Structure formats: structure tokens, C-alpha cells
Number of protein chains: 2
Amino acid sequence: MDFQQIKTILQNNNFKITKQREYILDVLINNQHTLLSAETLLTIVKEKFPTINLTTVYRNLDQLSVLSLLAVFPSDDGITRYKLTCADHHHHHIICQRCGKVEMINYCPLDTLTSLALDKGFHLTKHKIELYGICEACYTE
Amino acid sequence: MDFQQIKTILQNNNFKITKQREYILDVLINNQHTLLSAETLLTIVKEKFPTINLTTVYRNLDQLSVLSLLAVFPSDDGITRYKLTCADHHHHHIICQRCGKVEMINYCPLDTLTSLALDKGFHLTKHKIELYGICEACYTE
DNA sequence: GTCAATGCAAATCCTTTGCAACTAA
DNA sequence: TTAGTTGCAAAGGATTTGCATTGAC
């Protein structure tokens, strides 16, 4: 996902491209390999746009999420983290528990999951496969 | 997991068996097939023990979680839900998005996940496979 | 008797809302 | 011009903490 693609989608949905939104997208685009909390995102955006407000960040995250442009990761620690969704194929993630780095995992036994669900009488609507670990850099630290 | 097993673990860890704790465990044991929020758990316990406090519920959930007796499910809606862990073998869950019913899924390609992680340079520490769907009862409603 | 557990109130933390001022298109 | 957007302050809602009291063992 690059800025042009996202910009187009936003405009097609009656969203305006403000300076704040541009900076927020910029940070998200440059951190597609990391989960960011609203607070962290704010801190980074503030480097370039010091007057931006946390509320604005939350509102933008919310809109991106509604447009399915954002992957949302609620966590045990009570902090929700975000990253842009990848436009390409269906996939899952592995997340470093120390630094938050995220990599794509091209693996999903969807047929198996669907049939497992059906075995229990469930109609599958959604599934989550998340791997957590320690990345090479953190491991050798 | 029945009451005796949990009681033993608690006592081995210097926890006391209070009336409140008994009722909380009772509700958790009788709802092993459902995810409960702290608030919902409180409501149910209150039927039998009207003076119990939300704080007590949270503190008990916390302790159970520390002892790995509790599975914790943070969710997009900001509410964390809980259920007792099953003592038996490793497994995952399918959760009804309408009623919260939970069933066990005896499926986990752990070797595959471990090697996928390793391919990315990650040392796997934890993984999550959660299926979401609509259960039979909700579907035919 | 001792130490953990409880209840209550207040505090905390993340997130959302109301509203007036602003700005992209 | 006119929606959508922002910033600020205040509110909300889930969870946690402080502290005096109670209760299990």
C-alpha cells in the first residue's frame, strides 16, 4: 500500500486529504513492518507536525479501519496496536514480542479451518492466526 | 478443570479459598463453554453473592491468569473476556460472534508454525489460532 | 495471630464525544 | 460554499490502586 493508493480510496469515500492525515499515513506507510499504538504514532507524527492531537490520530485510525485499510491488534496489556493492511493476498503475521516488528506469514489452512468450524456447527466468519516470537535482532542482543 | 483441581493449585500457591472466590470459580466452571467479561461474571456471581464487588472479580481473574488457569481474550470492542483454561491437551477455540459460545478445536499445526517463524528469523514463543463464526443455535434463530 | 482477601472510593489509563473554529475541494 | 476535519476540554468506560476492615487457615 502506498500513499497514492490510500489517497484514492479515501477520496472515493469523501475523505479529505489534510496535512494531519498525510503525516499519519506517512508514518503508517513507513512502519508497515511494525505495530504502532495510537500514542506511539502520535509521538512520531509530532516530530513533523507538533500541534497534532491524539484525538485526530484516533479518528484517523478509526476511519482507516472502517475502510479496511488498517489491521487492528488488541492486546492483553490493554493497548491496541495498528498497522496498515497489505493490499495483496490473504496472510497472517508473526510479531516480535520485544520490539513489535511484524512479518508476513504466507500460510493459511483456510479450508481446514472452515471445515473444522463446520464440524462444530459453526459458520466461519473470521479467523485469526497470530504468531509471536523474538526476532533475530532482539534475540542476539 | 473442576473445583478440586483448581482449589489445590490455589492452595499450593498460598491463596485462600474465600466464599467470593468459590462463587467466582463456580461460575467460571459452569461456563467453560463461554467467554465472560468481568462485568458479566460479576452479574452472575451477584445472583448468589449480592455483595461481591467488581474489584474482587478483577483481582481473582488476575490471579487465575497468573497461575495460567485462565485464558484471556482481549477484543476490538475494548472488553476483555475470559474462560478457564482446559487442563488437557493443547488446543484452540472457535467463538460464536453472536452469543459468545466457545468450542474447542483440536487442531494445531505447531511444527509448521514453528518452522514458518524460523524462516523469518523468529523464535516462536506463543501463537494464537482463533476461529470466529455463528453457531448453529444463533444461525437458525 | 498472621497474612491474604475484600469492599469501597478514588484514581488511572485508553479512548470517545461535544463543540466551535478551520480547511480541503 | 459546504462538508468533512481538527483541537481542546470534558466525558466515558474498563481496569487498577490505596486503605481500612474482614476472614481463612
Side-chain angles (χ1 to χ4, degrees), chain A residues 3-4 6-28 35-43 45-46 48-67 69-70 72-82 100, chain B residues 3-4 6-28 35-43 45-46 48-67 69-70 72-82 100:
Chain A
F3 182 69
Q4 249 339 294
I6 296 174
K7 186 178 173 184
T8 305
I9 296 174
L10 286 171
Q11 289 176 328
N12 290 345
N13 286 277
N14 292 327
F15 290 102
K16 291 170 178 172
I17 308 301
T18 64
K19 272 270 161 288
Q20 290 90 332
R21 182 160 291 153
E22 265 183 19
Y23 278 112
I24 289 170
L25 286 173
D26 201 49
V27 173
L28 287 171
L35 296 192
L36 298 176
S37 66
E39 206 77 52
T40 306
L41 179 48
L42 177 75
T43 304
V45 175
K46 268 196 163 162
K48 290 286 179 67
F49 200 106
T51 62
I52 196 169
N53 194 277
L54 227 203
T55 306
T56 302
V57 170
Y58 275 113
R59 282 197 273 233
N60 274 274
L61 290 173
D62 195 51
Q63 292 156 336
L64 291 171
S65 164
V66 166
L67 295 175
L69 294 172
L70 199 71
V72 179
F73 297 78
S75 143
D76 284 8
D77 65 10
I79 296 174
T80 302
R81 295 181 179 78
Y82 312 84
Chain B
F3 183 69
Q4 252 335 295
I6 296 175
K7 185 177 172 185
T8 304
I9 296 173
L10 286 170
Q11 290 177 326
N12 289 346
N13 285 276
N14 292 325
F15 290 102
K16 291 170 180 172
I17 307 301
T18 64
K19 273 268 163 288
Q20 290 90 331
R21 181 160 291 153
E22 263 182 21
Y23 279 112
I24 289 169
L25 287 172
D26 201 48
V27 172
L28 287 171
L35 297 192
L36 298 176
S37 66
E39 204 77 52
T40 306
L41 179 50
L42 176 76
T43 305
V45 175
K46 267 196 164 161
K48 290 287 179 66
F49 200 106
T51 62
I52 197 169
N53 192 277
L54 227 205
T55 306
T56 302
V57 171
Y58 275 114
R59 281 197 272 233
N60 273 274
L61 289 173
D62 196 50
Q63 292 156 336
L64 291 172
S65 164
V66 166
L67 295 174
L69 294 171
L70 199 70
V72 179
F73 297 78
S75 143
D76 284 7
D77 64 10
I79 296 173
T80 303
R81 295 181 177 78
Y82 311 85

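Because the structure is a prediction, the values reported are computed rather than measured. Every chain is numbered from 1 and lettered A, B, ... according to where its sequence line falls, protein lines coming before strand lines.
- Note: CZ (F73(B)) to C1' (dA14(D)) measures 19 Å, nearest angstrom.
- Taking atom CD of residue Q20(A) and atom P of nucleotide dG4(D), one finds them 17 Å apart after rounding to whole Å.
- Note: CG (D76(B)) to P (dA14(D)) measures 15 Å, nearest angstrom.
- Atoms CG (N13(A)) and P (dG4(D)) sit 12 Å apart, rounded to a whole Å.
- For the pair T80(B)/L61(B), no side-chain contact is recorded, criterion being any heavy-atom separation below 4.5 Å from C-beta on.
- The residue T80(A) sits close only to the backbone: its heavy atoms come under 4.0 Å of sugar-phosphate atoms, none of a base.
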Check nucleotides 21-23 of chain D for protein N or O atoms closer than 3.5 Å to its own N or O atoms and list the pairs.
unit_1  : atom_1 : unit_2 : atom_2 : d
dG23(D) : N2     : K16(B) : NZ     : 3.3

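- Rotation axes derived from the C1' atoms of the five outermost pairs at either end of the helix from dG1(C)-dC25(D) to dA25(C)-dT1(D) lie 40° apart, to the nearest 10°.
- For T43(A), there are no side chain to side chain contact (heavy atoms under 4.5 Å, CB included) partners at least two apart in sequence or on another chain.
- For K48(A), the salt bridge (Lys or Arg N to Asp or Glu O under 4.0 Å) criterion is met by no residue, not counting sequence neighbours.
- For K7(B) and S37(B), each mapped to the nucleotide of DNA chain D holding its nearest heavy atom, the one lying further toward the 5' end belongs to S37(B).
- Using a 4.5 Å heavy-atom threshold, the side chains of V45(B) and T56(B) count as separate.
- Taking the side chain to side chain donor-acceptor pair (under 3.5 Å) definition, one finds that N53(A) meets it with T55(A), sequence neighbours left out.
- Non-hydrogen atoms lying under 4.0 Å from DNA chain D are contributed by N53(A), T55(A), T56(A), R59(A), N60(A), Q63(A), all within residues 53-63 of chain A.
- Remark: E22(B) engages K19(B) in a salt bridge (Lys or Arg N to Asp or Glu O under 4.0 Å) (not counting sequence neighbours).
- Think of the region where chain B sits on DNA chain C: with heavy atoms and a 4.0 Å cut, that region ends 5' and 3' at dC3(C) to dA9(C).
- The two residues Y82(A) and A38(A) make their nearest non-hydrogen contact at CE1-N, 4.1 Å.
- With DNA chain C read from its 5' end, the first of the two nearest nucleotides for T51(B) and I17(A) is the one closest to T51(B).
- I24(A) places a side-chain heavy atom less than 4.5 Å from the side chain of I52(A).
- In this structure, S65(A) has no side chain to side chain donor-acceptor pair (under 3.5 Å) partners at least two apart in sequence or on a different chain.
- Scored by the side chain to side chain contact (heavy atoms under 4.5 Å, CB included) test, D26(B) finds N30(B) as partners (sequence neighbours excluded).
- Not counting sequence neighbours, the partners of S37(A) by the side chain to side chain donor-acceptor pair (under 3.5 Å) test are T40(A).
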Hey, can you pull the donor-acceptor pairs under 3.5 Å for the side chains in residues 11-18 of chain A, sequence neighbours left out?
unit_1 : atom_1 : unit_2 : atom_2 : d
N12(A) : ND2    : T8(A)  : O      : 3.4
N13(A) : ND2    : I9(A)  : O      : 2.7
T18(A) : OG1    : R21(A) : N      : 3.1

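- For the pair L25(A)/L64(A), a side-chain contact is recorded, criterion being any heavy-atom separation below 4.5 Å from C-beta on.
- Rounded to whole Å, the distance from CG on L42(B) to P on dA14(D) is 12 Å.
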